[in-house]
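In what follows, chains carry the letters A, B, and so on, assigned in the order in which the sequence lines appear, proteins first and then strands, with residues in each chain numbered from 1.
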4 protein chains.
Amino acid sequence: MINNMKKKDTHKTEQLLQAARDIIISDGVAAVSTTKVAKMVGIAQSNVYIYFKNKDELLLSVFHHEQARVKAFFDARIDQTADLTTRLKAYIDAMGELAVTEWDTMTILEQIKAMPHTPVAAEDALPSDDQTVQALMQDGIDAGILKPVDPRFHMTVVFGLVRRYSDLVRNHGYSAEFAPIRAMIWDAVAV
Amino acid sequence: MINNMKKKDTHKTEQLLQAARDIIISDGVAAVSTTKVAKMVGIAQSNVYIYFKNKDELLLSVFHHEQARVKAFFDARIDQTADLTTRLKAYIDAMGELAVTEWDTMTILEQIKAMPHTPVAAEDALPSDDQTVQALMQDGIDAGILKPVDPRFHMTVVFGLVRRYSDLVRNHGYSAEFAPIRAMIWDAVAV
Amino acid sequence: MINNMKKKDTHKTEQLLQAARDIIISDGVAAVSTTKVAKMVGIAQSNVYIYFKNKDELLLSVFHHEQARVKAFFDARIDQTADLTTRLKAYIDAMGELAVTEWDTMTILEQIKAMPHTPVAAEDALPSDDQTVQALMQDGIDAGILKPVDPRFHMTVVFGLVRRYSDLVRNHGYSAEFAPIRAMIWDAVAV
Amino acid sequence: MINNMKKKDTHKTEQLLQAARDIIISDGVAAVSTTKVAKMVGIAQSNVYIYFKNKDELLLSVFHHEQARVKAFFDARIDQTADLTTRLKAYIDAMGELAVTEWDTMTILEQIKAMPHTPVAAEDALPSDDQTVQALMQDGIDAGILKPVDPRFHMTVVFGLVRRYSDLVRNHGYSAEFAPIRAMIWDAVAV
DNA sequence: CATGAATGAGTATTCATTCAT
DNA sequence: AATGAATGAATACTCATTCAT
């Protein structure tokens, strides 16, 4: 028990996922290689195949982990029993917060999704393309609150502006309120 | 045959650029390699280094070519002598047209810009970040026509929605008018 | 369930052998790997080493099993009390039947025998090199029935033609009698 | 000229082919790897791809080289203007000589042809399956000289016995005449 | 008996770049 | 201007085997 530290086995899986995440954030998905993640964790390259069937499965695992984070984030912030307008505005605010506090998560999802031969199935998606969100938007349209266009346009506005906001805040020293951006979004999507 | 050997140089350069473009469009920037472009043009791999110092310079050259196309597109469509509101609306419409007719060009610019260690300098940019456009937006803000936020937000809205519109039209069989999208954009950016 | 755990051992051994056989038949000996056989049987890769010291021992075991099948086949078909000519002809006919009905067995023996560093000792061998058969041939030679050459030549003729016959029947839709082939063999070996 | 020994470029191709041949003879086709051949020639592994598109193309090249040797061998030994029986017997004798003097060549052809996913097209083949030879056999059958069975049986007898003869001579210190073997073959194939 | 973890060596192939000719 | 040759590093993935639990 004292000199046998072998219990951490499952931990290796986590460490590999973290290594992959780190590489994606710093150098992009294309830079993720079995060699690199293994080296970062301090194991032999071939061991990666003990924990993941494939490089694809490794990346898919990263994707699902980050996706779960996003889902938890929204679940915690949007009260499904509230009225529609409230929920729509809550979604926009949640997105704004997410884009800033979970920038890395967003980047990772974006990168894996945009891969040439992405391992991510079409159904899986970025938060902005999420089925639930799309349904929410559609409800807004049906209720006459949102403009009657394909809901994907609404999602594009929200996601695009919110990402940009976060980018300016993080990478360009921009320090302004989210309020005016929220206003832009609402003016764009609302009837 | 004997004395027109000089022309081939320029021709080969163009051919290489075209080969790179083709690969970017079909398989993404990551798939561009000196081996492939050389093979496509029918020259030895090492010859690529006669026409371009680097692979980076090749991609940069592709980038500048496409950027020039975009610039020409706007120059032809926006009357700089018209009043500000007219110019702003003309810009939005031009963007809408560009996104559809020059989808490949946009894709190429996007791809090269998004590269992990992009050869594109920060000043260079997507049309939505263009200095001229940014100035136009700033004028709109100063004139009280556009919302008083960083002009990059306005550009994000225009570019994002217009790209999405084109994507739906091209890749998802969407067949609707641009008008409602133009309305969304204007509602977002206008005071 | 509690007290019949001992049986599983033998069972797993057999299953592993069968897995190896299947791979050899479908993809050749080179395709046999501890990883694959273990996966086919549904056990951990390392468990293969519980049942077999080596990959070589696994293959050797497969070899011996198939060899035993062949031996049983001949024992059942050749009456050792019959006169020499009868036994020789019975051997040829048995070989003809074996090649067709036990094609897989022959293939497996052949494949393992032909391995670059075959685990099969020189004494062990294909049926055509079998000690018993060789002795039978020698008797034929001594009795003046077969041509006075190394008995291995006689075995080569029998085995080669019979394998070819089976190959044409199985893989090339050939549908002819064995009789003319038996005649070819006899003409070749008989004085 | 004195210190520039770079002229030997084409020679490298030959050296690589020879390295592949050597490995096939000593350890079988399966043992051929780009790493090994490159090391044997003293170049970087990646250089193999300068001379051959593929490992398959390397092996195919080896195959064609050896095949050409065999063809030349037969062309030099069989007088196509001689009468049929003479040509048939000449073929058998040529085969006997070939099997002994070109043992390695036969082994190489055999090994490459027997590969799990052989790069050799079905039309290409071992000398014993050669179109020309098959035609010769067919002529013999039509002329009533050879037994009226599929010509591949005749070829099997010739090739099989001749290979065995050579094997005994080379690997088992057998030192007998070819004459009795020739007689066995003839008795088998002739009417 | 069974397993998961580990490893090092091996596989074919692609790449950007350099250089002498 | 053009090329063929060369290289070293990188890629994902498989393998036989060992060992502590």
Any [X] side-chain nitrogen or oxygen under 4.0 Å from OP1 or OP2 of [N]:
X	N	value
Ser46(D)	dG8(F)	no
Asn54(A)	dA12(F)	no
Asn47(D)	dT7(F)	yes

What is the distance, to the nearest angstrom, from the [atom1] atom on [X] to the [atom2] atom on [N]?
X	N	atom1	atom2	value
Glu14(A)	dA5(E)	CD	P	13 Å
Ile50(B)	dT18(E)	CD1	P	14 Å
Leu60(A)	dA12(F)	CG	P	16 Å
Phe52(C)	dA16(F)	CZ	C1'	15 Å
Ile43(C)	dT3(E)	CD1	P	7 Å
Glu57(D)	dT14(E)	CD	P	12 Å
Lys39(B)	dG4(F)	NZ	P	13 Å
Leu58(C)	dC15(F)	CG	C1'	14 Å

Nucleotide nearest [X] (side chain, heavy atoms from C-beta), chosen from [options]:
X	options	result
Lys55(D)	dT13(E), dT7(F), dT3(E)	dT13(E)
Tyr49(C)	dT7(F), dT14(E), dT18(F)	dT18(F)
Thr34(C)	dT17(F), dA12(F), dT11(E)	dT17(F)
Lys36(C)	dG4(E), dC15(F), dT7(E)	dC15(F)

Revision key, fill the gap. For Val48(C) and Ile43(C), the nearest pair of non-hydrogen atoms, with its separation, is N-CD1, 4.4 Å
Does any non-hydrogen side-chain atom of [Y] lie less than 4.5 Å from one of [X]?
X	Y	result
Phe52(C)	Leu17(C)	yes
Glu66(D)	Arg69(D)	yes
Glu110(D)	Lys113(D)	no
Ile108(A)	His65(A)	no
Val70(C)	Glu102(C)	no

Point to revise | Donor-acceptor pair under 3.5 Å, Gln45(A) side chain vs dC13(F) base | key: yes
Exercise for review: Working to the nearest 0.5 Å, report the span between CE of Met115(C) and CD1 of Ile24(C).
Suggested key: 8.5 Å
Check your understanding: Only one of Val37(A), Val62(A), Thr105(A), Leu16(A) forms a side-chain contact (heavy atoms from CB on, under 4.5 Å) with Arg21(A), so which one is it?
Key -> Val62(A)
Point to revise | Most 5' of Gly42(C) and Gly42(A) on DNA chain E, judged by nearest nucleotide | key: Gly42(C)
Check your understanding: For DNA chain F, whose closest nucleotide is more 5', that of Ala44(D) or that of Ala44(B)?
Key -> Ala44(B)
Study note, to complete from the structure: Paired to dT11(F) by Watson-Crick or G-U wobble criteria (both distances under 3.5 Å) is dA12(E)
Check your understanding: Applying a 3.5 Å limit to both distances, which nucleotide forms a Watson-Crick or G-U wobble pair with dA5(F)?
Key -> dT18(E)
Revision key, fill the gap. Here the residues of residues 26-33 of chain A within 4.0 Å heavy-atom distance, strictly under, of DNA chain F are Val32(A), Ser33(A)
